[in-house]
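Encoded as structure tokens, here's the structure I'll be asking about.
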Amino acid sequence: MTSPAGPLSGLRVLDLTRVLAGPTCTQMLGDLGAEVIKIERPEAGDDTRGFAPPFWPETKESAYFIGVNRNKKSVTLDMAKPEAQAILHRLLETTDILVENFKVGALAKYGLGWEQLKAKYPRLIYCSITGFGQTGPYAPRPGYDALIQAMGGVMSLTGEPNGSPQKVGVPVADLFAGLYGCIGILAALNHRNATGQGQQIDIGMLDTHVAWLANQGMNYLSTGENPPRLGNQHPNISPYQEFPTKDGYIILAVGNDPTFERFCKAFGQEHLLADERFATNPRRVANRDLVTQTLTPVMKTRTTTEWVEALEAQKIGCGPINTLKDVFADPHVNARNMTLEMDHGSGAKVKVIANPVKLSATPPTYRSAPPVLGEHTEEVLSGLLGMSAEEIAALRAKSIL
């Protein structure tokens with residue numbers, strides 16, 4: 001674990017999020033140095049503590065929870081009770097950023113909605129992450145990753161041409177919403193630094209999903225035609241796909257015509273350069289099935305390792321299709337320090353995936369492992385709010401903590 005302060009050191013975040021989108025946002029803020037106080041339900045905590053198996057060995061925590069909750073202090077509060085709401089208001093007096101992912105309007109019944117807080121805490125940056133945003137006909141609906149992937153169009157683009165629609169194998173709708181939330185918070189911080197004024201950030205998972213349709217979204221907008229599912233092929237470049245090798249599969253990424261020419265000359269396919277159907281990328285895209293049929297027997301002549309070595313020598317994009325075991329054993333991934341081990345409150349050591357943002361002067365910091373439920377309740381209430389042991393004990397007796 002590293003100890004230097006990160007670029008957001010000195011900022012305090014009140015984290016009213018759970019599951020994945022919100023915790024992704026607040027973990028990023030914590031990695032960048034902010035103090036994150038995570039409010040959890042007494043006894044139950046964040047839903048993801050029970051998203052298992054697998055549990056992390058020698059702990060009671062799910063691997064899922066451990067993955068997105070480092071650099072946070074866990075405080076248990078029953079927000080339905082007025083005494084807990086009063087504690088939250090005391091915390092808000094020194095809070096810079098509040099992040100929440102409750103259903104639209106749900107926090108208002110606790111006196112914690114944006115409209116209720118903005119006048120009292122004018123410097124507060126209030127980030128709301130929901131399935132469909134704060135406005136629009138779907139705003140009251142709950143949001144789930146697979147649902148957003150379906151409604152946002154990415155499932156219609158993913159899978160084999162004659163197969164069923166497929167979601168991405170990791171919850172990208174949640175992850176993108178969390179990261180867009182973090183981007184919005186950083187922008188709002190810069191605005192507050194200039195004006196002294198906070199604001200609300202309204203992140204809808206469906207909005208963020210539509211935003212990253214990228215080239216496929218633009219393909220539709222420019223033609224009015226739904227892009228087809230292409231399996232692992234690229235809609236705008238060919239060949240840019242997986243091919244079977246002698247012992248497995250490889251991704252071949254030929255990004256432009258000079259690279260295709262180099263490929264053909266190096267691997268005995270120079271005759272294709274005289275064929276109009278292969279002459280340019282637009283022609284290869286128009287004849288993608290022919291390109292696949294022509295190159296498949298060529299790619300089967302070598303093993304994946306042999307192809308990677310030969311293609312890299314020609315500076316042609318390629319790579320093996322790794323399992324996660326391969327990924328975490330990869331020498332480049334390890335050279336980039338993409339995993340680290342932390343001391344957990346249970347006494348065990350936990351391994352987590354590192355923050356990918358490489359900052360030369362103020363890199364991400366790893367100050368504390370994902371917390372045990374309520375691990376920091378006394379620390380925050382006594383240290384930050386000055387509560388006595390007797391006051392805290394009385395709150396526990398009322399099941400407020």
Side-chain angles (χ1 to χ4, degrees), residues 8-18 21-23 25-26 28-30 32-42 72-130 133-135 139-140 178 180-204 376-388 391-392 394-395 398 400-401:
L8 300 185
S9 178
L11 294 173
R12 180 168 293 138
V13 178
L14 188 60
D15 182 357
L16 304 183
T17 73
R18 59 210 183 279
C25 175
T26 54
M28 178 64 80
L29 297 172
L32 295 176
E35 177 189 19
V36 180
I37 299 174
K38 181 180 178 72
I39 305 300
E40 299 191 71
R41 294 171 295 165
K72 302 179 185 182
K73 297 176 179 178
S74 173
V75 173
T76 52
L77 281 177
D78 183 351
M79 290 173 49
K81 297 184 177 177
E83 295 95 330
Q85 295 160 25
I87 290 171
L88 290 172
H89 274 277
R90 290 180 64 184
L91 289 171
L92 281 168
E93 291 173 3
T94 57
T95 289
D96 298 281
I97 303 156
L98 184 153
V99 186
E100 60 94 6
N101 62 350
F102 282 70
K103 290 181 182 178
V104 172
L107 282 179
K109 64 184 177 181
Y110 304 131
L112 295 167
W114 165 245
E115 294 298 328
Q116 296 159 309
L117 298 181
K118 64 180 183 179
K120 188 173 183 180
Y121 310 106
R123 290 177 57 81
L124 180 66
I125 293 166
Y126 189 110
C127 180
S128 299
I129 302 174
T130 59
Q134 301 294 304
T135 61
Y180 274 112
C182 187
I183 293 167
I185 288 167
L186 297 178
L189 280 169
N190 193 55
H191 172 77
R192 193 186 73 173
N193 289 341
T195 68
Q197 293 297 309
Q199 61 183 299
Q200 184 183 30
I201 299 150
D202 175 8
I203 300 292
H376 304 94
T377 301
E378 280 80 5
E379 174 190 326
V380 170
L381 297 188
S382 62
L384 229 85
L385 302 185
M387 286 187 178
S388 67
E391 288 177 294
I392 294 171
L395 290 170
K398 294 180 181 180
I400 292 165
L401 306 183

Subject >> Closest non-hydrogen atom pair, C25 against G178 >> reply: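 Scanning both residues completely, I find the closest heavy atoms to be CB-O, 3.3 Å.
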Subject >> Residues forming a side-chain contact (heavy atoms from CB on, under 4.5 Å) with R90, sequence neighbours excluded >> reply: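 R90: side-chain contact (heavy atoms from CB on, under 4.5 Å) contacts with L385, M387.
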Original post:
Under 3.5 Å, is there a donor-acceptor pair linking the side chains of K72 and T26?
Top reply: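 Checked: K72/T26 side chains pair up, N/O donor to acceptor below 3.5 Å.
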Subject >> Set of side chain to side chain donor-acceptor pair (under 3.5 Å) partners for Q134, sequence neighbours left out >> reply: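 Applying side chain to side chain donor-acceptor pair (under 3.5 Å) to Q134 gives none.
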**OP:** Write down the atom of A188, the atom of I201, and the distance for their closest heavy-atom approach.
**Re:**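 In terms of heavy atoms, the two residues are closest at CB-CD1, 3.9 Å.
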Subject >> For the student: nearest non-hydrogen atoms of R123 and G196, plus distance >> reply: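 Minimum heavy-atom contact is CG-O, 3.2 Å.
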Original post:
What are the two closest heavy atoms between G198 and I125, and how far apart are they?
Top reply: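 Closest pair (atom of G198, atom of I125, distance): CA-CG1, 4.3 Å.
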**OP:** With the side chain counted from C-beta on, respond yes when L98 and L112 share a heavy-atom pair under 4.5 Å apart, and no when they do not.
**Re:**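 Contact flag for L98/L112 side chains = no.
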Original post:
If you measure from OG1 on T377 to CG on L401, what distance do you get to the nearest 0.5 Å?
Top reply: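 One finds 6.5 Å between OG1 of T377 and CG of L401.
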**OP:** Go through L189 and I97 one step at a time and tell me if the side chain to side chain contact (heavy atoms under 4.5 Å, CB included) criterion holds.
**Re:** CA-CA 9 Å; L189 280 169; I97 303 156; 4.1 Å; yes
Subject >> Pairwise side-chain contact, V13 with L11, heavy-atom cut-off 4.5 Å (strictly under) >> reply: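 Answer no - side chains too far apart.
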Subject >> Qualifying residues under side chain to side chain donor-acceptor pair (under 3.5 Å), relative to Y180, sequence neighbours excluded >> reply: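 For Y180, no residue satisfies side chain to side chain donor-acceptor pair (under 3.5 Å) once neighbours in sequence are set aside.
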Original post:
Are the side chain of T130 and the backbone of V104 linked by a donor-acceptor contact shorter than 3.5 Å?
Top reply: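 Absent.
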Original post:
Listed by chain and number, what are the side-chain contact (heavy atoms from CB on, under 4.5 Å) partners of K81, not counting sequence neighbours?
Top reply: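 In terms of side-chain contact (heavy atoms from CB on, under 4.5 Å), with neighbours along the sequence ignored, K81 is linked to D78, E83, S399, I400.
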**OP:** Could you pull out all residues at least two apart from T17 that satisfy side chain to side chain donor-acceptor pair (under 3.5 Å)?
**Re:**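 T17 satisfies side chain to side chain donor-acceptor pair (under 3.5 Å) with D15 once adjacent residues are dropped.
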**OP:** With sequence neighbours left out, write down each residue that passes side-chain contact (heavy atoms from CB on, under 4.5 Å) with K118, or none if nothing qualifies.
**Re:**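 By the side-chain contact (heavy atoms from CB on, under 4.5 Å) rule, K118 matches W114, E115.
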**OP:** List the atom of S74, the atom of E40, and the distance in Å for their closest heavy-atom pair.
**Re:**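 Heavy atoms only, the tightest pair is OG-OE2, 2.7 Å.
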Subject >> For the student: nearest non-hydrogen atoms of C182 and L29, plus distance >> reply: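 Heavy atoms of C182 and L29 come nearest at SG-CD2, 3.8 Å.
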Original post:
Which value, rounded to the nearest 0.5 Å, describes the distance between L14 atom CG and K38 atom NZ?
Top reply: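 So the CG of L14 and the NZ of K38 are separated by 11.5 Å.
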Original post:
What side-chain hydrogen bond (donor to acceptor under 3.5 Å, both in side chains) pairs are there with at least one residue in residues 92-108, not counting sequence neighbours?
Top reply: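 Counting only pairs at least two positions apart or across chains, the side-chain hydrogen bond (donor to acceptor under 3.5 Å, both in side chains) contacts touching residues 92-108 are R12-T94, R18-N101, D96-R192, E100-S128.
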Original post:
Tell me the salt bridge (Lys or Arg N to Asp or Glu O under 4.0 Å) pairs involving residues 105-114, sequence neighbours left out?
Top reply: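 Salt bridge (Lys or Arg N to Asp or Glu O under 4.0 Å) check on residues 105-114 returns no pairs.
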Original post:
Is any side-chain heavy atom of L186 closer than 4.5 Å to a side-chain heavy atom of L8?
Top reply: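 The answer is yes; the side chains approach within 4.5 Å.
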**OP:** Using the test side chain to side chain donor-acceptor pair (under 3.5 Å), find all partners of E379 that sit at least two apart in sequence or belong to another chain.
**Re:**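 Side chain to side chain donor-acceptor pair (under 3.5 Å) list for E379, sorted by chain: K73.
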**OP:** Would you indicate whether the side-chain heavy atoms of L107 and Y126 approach each other to under 4.5 Å?
**Re:**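 Contact flag for Y126/L107 side chains = yes.
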Original post:
Do the side chain of Q200 and the main chain of C127 share a donor and acceptor less than 3.5 angstrom apart?
Top reply: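 Not a single qualifying donor-acceptor pair exists.
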Original post:
Is a side-chain N or O of H376 found less than 3.5 angstrom from the main chain of V75, in a donor-acceptor match?
Top reply: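 Checked: no pair found.
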**OP:** Could you pull out all residues at least two apart from H191 that satisfy side-chain contact (heavy atoms from CB on, under 4.5 Å)?
**Re:**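 Checked H191 against side-chain contact (heavy atoms from CB on, under 4.5 Å); matches are T195, Q197, Q199.
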Original post:
Hey, does E35 have a side-chain heavy atom less than 4.5 Å from the side chain of L384?
Top reply: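 A side-chain contact under 4.5 Å exists here.
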